[in-house]
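Note sheet for the following structure.
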Amino acid sequence: MVLFIDLLGGLVGTFFIISVLSMLWKDNPIFRIGQQAIIGATMAHYILLNFKSALNNAVLPMLGGNLLLFVPLLLGVLMYTRLKDNVAWIARYPTGVLVGVGTGVMIAGTLRGQIIDQIKNTVLDLTKSVISSNSTGMINNLLIAIGVVTAISFFTFTHEHKGVLGASAKIGRIFLMISLGANWSGEIVWYLTQLIGRLSWIINTVIKVMLLGG
Amino acid sequence: MILSYFTPYDVFAQFKGIATNWVVLISAVTVAMGFVYMTNAQIKIYQKNKTTLQLAYTVMTYVFFLAFLIAGLSFKGDVSSPEYQWWFQNVYGNVGATVYAVMFFTLASSAYRTFVVSSIEAVSLILGGMIYTLRQVPLFQVYTPWIVPLGEWFLLVPNVGGSRGAVIAAAFAALVVGIRTLWGKEVTLEVSS
Amino acid sequence: MSKKTPTTFWEKLGNIDYRWLYALSLVFTIIPILQPLGLPVQVSEPTIGYYNAIDKLKPGSVVAISFGSSLALLDEQEAQYLATWKILFQRHMKVIFYCTYADSALILQKHLGTMVKPSDYGYKYGEDYVWLGYAPLGEAGEASFAQNIRGVYPKDQFGTPLDQIPMMKDINDQSKIDLLIFCYTSCTDVEWPVRQWVVPYKKPTIVATLGCCGPMAAPYYPTQIQGFLSGSGMGTEIEVYSRNPGPGALMSDAKNLGILPFLLFFVLGNVSYLGKRFKWGQPKEVK
Amino acid sequence: MKDGIYLDLTLLITLIVAMWYYNKVALAGKLPPLRKIPAIDAITEGVGKSIEENKPVHYAMGASGGQLYTQLVSMTLVALAFLNYISKLCAKYGANLIVHMPYQAESIPLIEAMVRDGYKSEGKPEFFNPGCLRYYGYGALTWTQSVTASYDTEGVGLNLSIGIFYSDCPISLEMAKIKGGLNVGGTGRWIMCYAFAMMCDYVFLGQEIYVAGAMVSGNPQMLSGVFVEEIGKYFSYILLALGFVVAAMGVSAATAFFAL
């Protein structure tokens, strides 16, 4: 027995799925109604979640005695000075705190995670395959090392891509293109899965179960 | 942040913990500003196109805003309440999933336009793209089993080489922006003040 | 659109209205949903690594799950999650769920409430598993969690302070956690557990992500992460490998036909290019 | 000092010293020229196209492009530099600008400041229209739909998309393309660069957005950063070579070297 509320949910969901898919055909009122509705819905969701987070993690602990938490709350409120031209400059202080923390997190994480470890893996993987006399692994890891060096050389901006640098950049570009293709391929199949998921929900849940009672 | 990374002193680690908590809170408090700008844009768009249909679109935004807000505040459990979840899953969940489904079409049409064997770079792009795509489709896994190791080879060898190089290059650029910011020489932040 | 109108056959072949591609793809995707093909799948190495990372833990080991899943992307990852929860519960791991993305709590509520009930495996809340609710951690928050869980999640999802939860009594940082399962939807986020858990603490880590994020996770496997699942394809693989059937099978089947119209257009696009390039069907120029 | 951070520290110090040096060179006006990036000129071309067709210039920094306190903050700053640049161009040539703002509300003050400054520095502060700043609520799904709706209803001359992009760009870029817009853009997130490479008329690949950001700012100190980045790349080559030399002594020696 399908509850009315479930059926209603199914129909609402189906409307929104069709609304979004219809944008591929051309601009139309169904698409626009769905699009405008979702702006309001996500805005409310965003406000609810963040205010709840601020309430639980700052306001209530502050009322419980952790007065230091007043500082981030105040900084958050100061952001709203942007709305008034003559005091908009105040917003740069909380912005500065955010950017400062972000920059610190970024520098600390980038040095090892994105640079040194990437180089380490390139060296160690090749070394291990050489030591274990794994010829396939050796060729593969050598190719990776060549890819790394030449791809970095592609991103040289202080010299024109001519001569040795030009040749290296050209090879690097081929590695980069393969990588771009591989990233595309990962996404297209994922998106196809999303399409399958929604279509199968409409067919197997809304139509077969809710409407036909199957 | 940086000192807590380089030094073993607890005081910096503690500061890091506090700072990272604070920025999440600052961000949480600012969300209502988005509502102000959203409303401002809605008004301006309506003023530019004063039709009944445009008015209906604008009203729809606020109807759903209120519906979600009321559902999120009126029931026990707030956003975890079954009432809110009903709204959330049927509207947000479906729209979200379908937006991603739309991307299947946009990726396919862009590939129809660009996956042509016009140069060595384009052939590289096609190889990287098509082989791993086919590797993920069960039909090809079964009838052309060689596609599986070949797809993984493209993923794990040339892709890793290329993407590592790209990631390293971009990482240096990000570091430079970071250092410049801490040095107080980042032009973007000077403009904002 | 200010495009030159195609005149020759080859130009027309390369300029077919995209909506034909869209319509054909839609039709071809629906067919296997109505009539499944039931083709088998091959299990890849990262999936086996993912499974083994859990399988080799002793019963009672503590597994933390950073759950950054999105409702909108659930079709792509639900098979992974359901299989993972089943494997963990079947092997009697102690599980700490913590949600890092806004929708994650709703997903987890649905999963643990109706689809993979912990009580069916003899689990008791607070003793065998806990759910710490939602906080938008980001990378900085992940780092804080590894150092001081109570700093980011002072209470669980139901408002109980962590000190009052038996399982959490001795657990307040990464040191008592045996494995991190990092579930995420934004590809570069794979760097977060690597930077904040693997590099500083050498913590065993596996990740579950979208299909598109596989290429970004691959460089970290197997040196820094012991295994990864990317997309519904690997979701189906883990279902098959762990013998826990789930929603992945239908997904894999429908992919088979859904991709064909694109392949057809890919061929047409190239035939068009070659036709134009070599002027097929046109009289040869006389030098 | 903690263990295992000496390589990190060496790299950081190298970059700081290089920055100090190139800063001095830049202030003395002695920086050598940089390799041209064609996509930069395409931005001005796109503004001209927009005026010719009487369609707006769209600027997008990604649905999640307003991250100020995460790992990706540097990309947000670059996107803001481009926003300032496109605002100046629009003010200068009289093009209509629409900014599709990211959902992170904390970035709004910076975004508005950039646009206002762009108009102000061209001597046309009164041309700034607050209605051009569009905010669409939380997440990528509402953003992609709203950006598409904006292309549909308002048209698109130039679509400049630079910043932090996730799975939002495959729709926004392709729809701009289908609607006849000139697509120019890029992201530092390598995983999404494919969408720009396939859907844009002119693309900034990965690091190129940082370099182009410095170029469009025209500020010598920003430009000097490109040379510092090159020093970093030499550092990585040296580290790679040293790694292989040490690896000749065995895996454990190489592991120990990289654990420095």
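Here the structure is a predicted model, which means the values were calculated and not measured. Every chain is numbered from 1 and lettered A, B, ... according to where its sequence line falls, protein lines coming before strand lines. Values below: all heavy atoms of this structure, side chains included; hydrogens, waters and symmetry mates excluded.
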Problem set entry | Atom group of D/Glu154 that falls short of 4.5 Å from chain B, counting heavy atoms | side chain

Exercise. Residues of residues 11-20 of chain D under 4.5 Å from chain B (heavy atom pairs)?
Worked result: D/Leu11, D/Leu12, D/Leu15, D/Ile16, D/Met19, D/Trp20

Seminar exercise, completed: Against chain B, residues from residues 128-135 of chain D with at least one heavy atom under 4.5 Å, in numeric order, are D/Asn129, D/Pro130, D/Gly131, D/Leu133, D/Arg134, D/Tyr135

Exercise. When heavy-atom pairs shorter than 4.5 Å are enumerated against chain B, which of D/Ser107, D/Ser121, D/Ser167 gives the highest number?
Worked result: D/Ser167

Exercise. Checking B/Val36 against chain D: side chain, backbone, both or neither under 4.5 Å from a heavy atom?
Worked result: neither

Problem set entry | Among the listed options D/Val211, D/Leu80, D/Leu77, D/Leu173, the residue most often paired with chain B at heavy-atom distances under 4.5 Å | D/Leu77

Exercise. Can you tell me how far the OH atom of B/Tyr100 sits from the OG1 atom of D/Thr144, to the nearest 0.5 Å?
Worked result: 7.5 Å

Exercise. Checking heavy atoms, do the side chain of B/Ile26, its backbone, both or neither come under 4.5 Å from chain D?
Worked result: neither

Exercise. Going from OG1 on B/Thr20 to OH on D/Tyr69, what distance comes out if it is rounded to the nearest 0.5 angstrom?
Worked result: 10.5 Å

For this session: Would you give the length of the straight line joining atom CH2 of D/Trp190 to atom CG of B/Asn159, rounded to the nearest 0.5 angstrom?
Result: 9.5 Å

Seminar exercise, completed: Honestly, the part of D/Glu229 sitting under 4.5 Å from a heavy atom of chain B is both

Exercise. Taking all atoms of both residues into account, what is the closest heavy-atom pair of D/Gly188 and B/Ala170, and its distance?
Worked result: O-CB, 4.2 Å

Exercise. Are the side chains of B/Leu107 and D/Met199 in touch, meaning some heavy atoms are under 4.5 Å apart?
Worked result: yes

Problem set entry | Distance (rounded to the nearest 0.5 Å) between B/Ile168 CD1 and D/Phe235 CZ | 11.5 Å

Exercise. Does CZ belonging to B/Phe88 count more than 12 external heavy atoms closer than 6.0 Å?
Worked result: yes

For this session: Measure B/Phe115 against the heavy atoms of chain D and call it side chain, backbone, both or neither at under 4.5 Å.
Result: side chain

For this session: With rounding to the nearest 0.5 Å, note down the distance linking CG in B/Asn49 to OG1 in D/Thr153.
Result: 8.0 Å

For this session: Measure the CE-CD distance between B/Met33 and D/Glu106 for me, rounded to the nearest 0.5 Å.
Result: 8.0 Å

Exercise. For the candidates B/Ala32, B/Ala41, B/Gly34, which exhibits the highest count of non-hydrogen atom pairs separated by less than 4.5 Å from chain D?
Worked result: B/Gly34

Seminar exercise, completed: With sequence neighbours left out, the residues meeting side chain to side chain donor-acceptor pair (under 3.5 Å) with D/Tyr151 are D/Asn159

Seminar exercise, completed: Highest number of heavy-atom pairs under 4.5 Å with chain D among B/Ile45, B/Asn40, B/Val29, B/Thr39 belongs to B/Ile45

Exercise. What do you reckon, is NZ of B/Lys44 surrounded by more than 12 foreign heavy atoms closer than 6.0 Å?
Worked result: yes

Problem set entry | chain B contacts, top residue of D/Met75, D/Glu112, D/Glu230 (heavy-atom pairs, under 4.5 Å) | D/Glu112

Exercise. Counting a contact as any heavy-atom pair under 4.5 Å apart, which residues of residues 177-185 of chain B contact chain D?
Worked result: B/Val177, B/Ile179, B/Arg180, B/Thr181, B/Trp183, B/Lys185

Exercise. With a 4.5 angstrom heavy-atom cut-off, which part of B/Ile43 approaches chain D: side chain, backbone, both or neither?
Worked result: neither

Exercise. Given that the side chain runs from C-beta out, which part of D/Tyr103 has a heavy atom under 4.5 Å from chain B: side chain, backbone, both or neither?
Worked result: neither

Exercise. Would you call D/Lys233 and B/Phe172 a side-chain contact if the rule is heavy atoms closer than 4.5 Å?
Worked result: yes

Problem set entry | OH (D/Tyr21) with more than 12 external heavy atoms under 6.0 Å | no

For this session: Select one option (side chain, backbone, both, neither) describing which atoms of B/Ala111 are under 4.5 Å from chain D's heavy atoms.
Result: both

For this session: Name the region of D/Ile108, side chain, backbone, both or neither, that has any atom closer than 4.5 Å to a heavy atom of chain B.
Result: side chain

For this session: Take B/Tyr92 and D/Leu141 through the side chain to side chain contact (heavy atoms under 4.5 Å, CB included) test and state the conclusion after the steps.
Result: CA-CA 9 Å; B/Tyr92 187 93; D/Leu141 57 102; 3.8 Å; yes

Exercise. So what's closer than 4.5 Å to chain B heavy atoms on D/Gln221: side chain, backbone, both or neither?
Worked result: both

Exercise. At a heavy-atom separation under 4.5 Å, does B/Thr114 approach chain D through its side chain, its backbone, both, or neither?
Worked result: side chain

Problem set entry | Proximity breakdown for D/Met101 and chain B, heavy-atom pairs closer than 4.5 Å | side chain

For this session: Considering non-hydrogen atoms only, spot the tightest contact between D/Val228 and B/Val176 and give its length.
Result: CG1-CG2, 3.8 Å

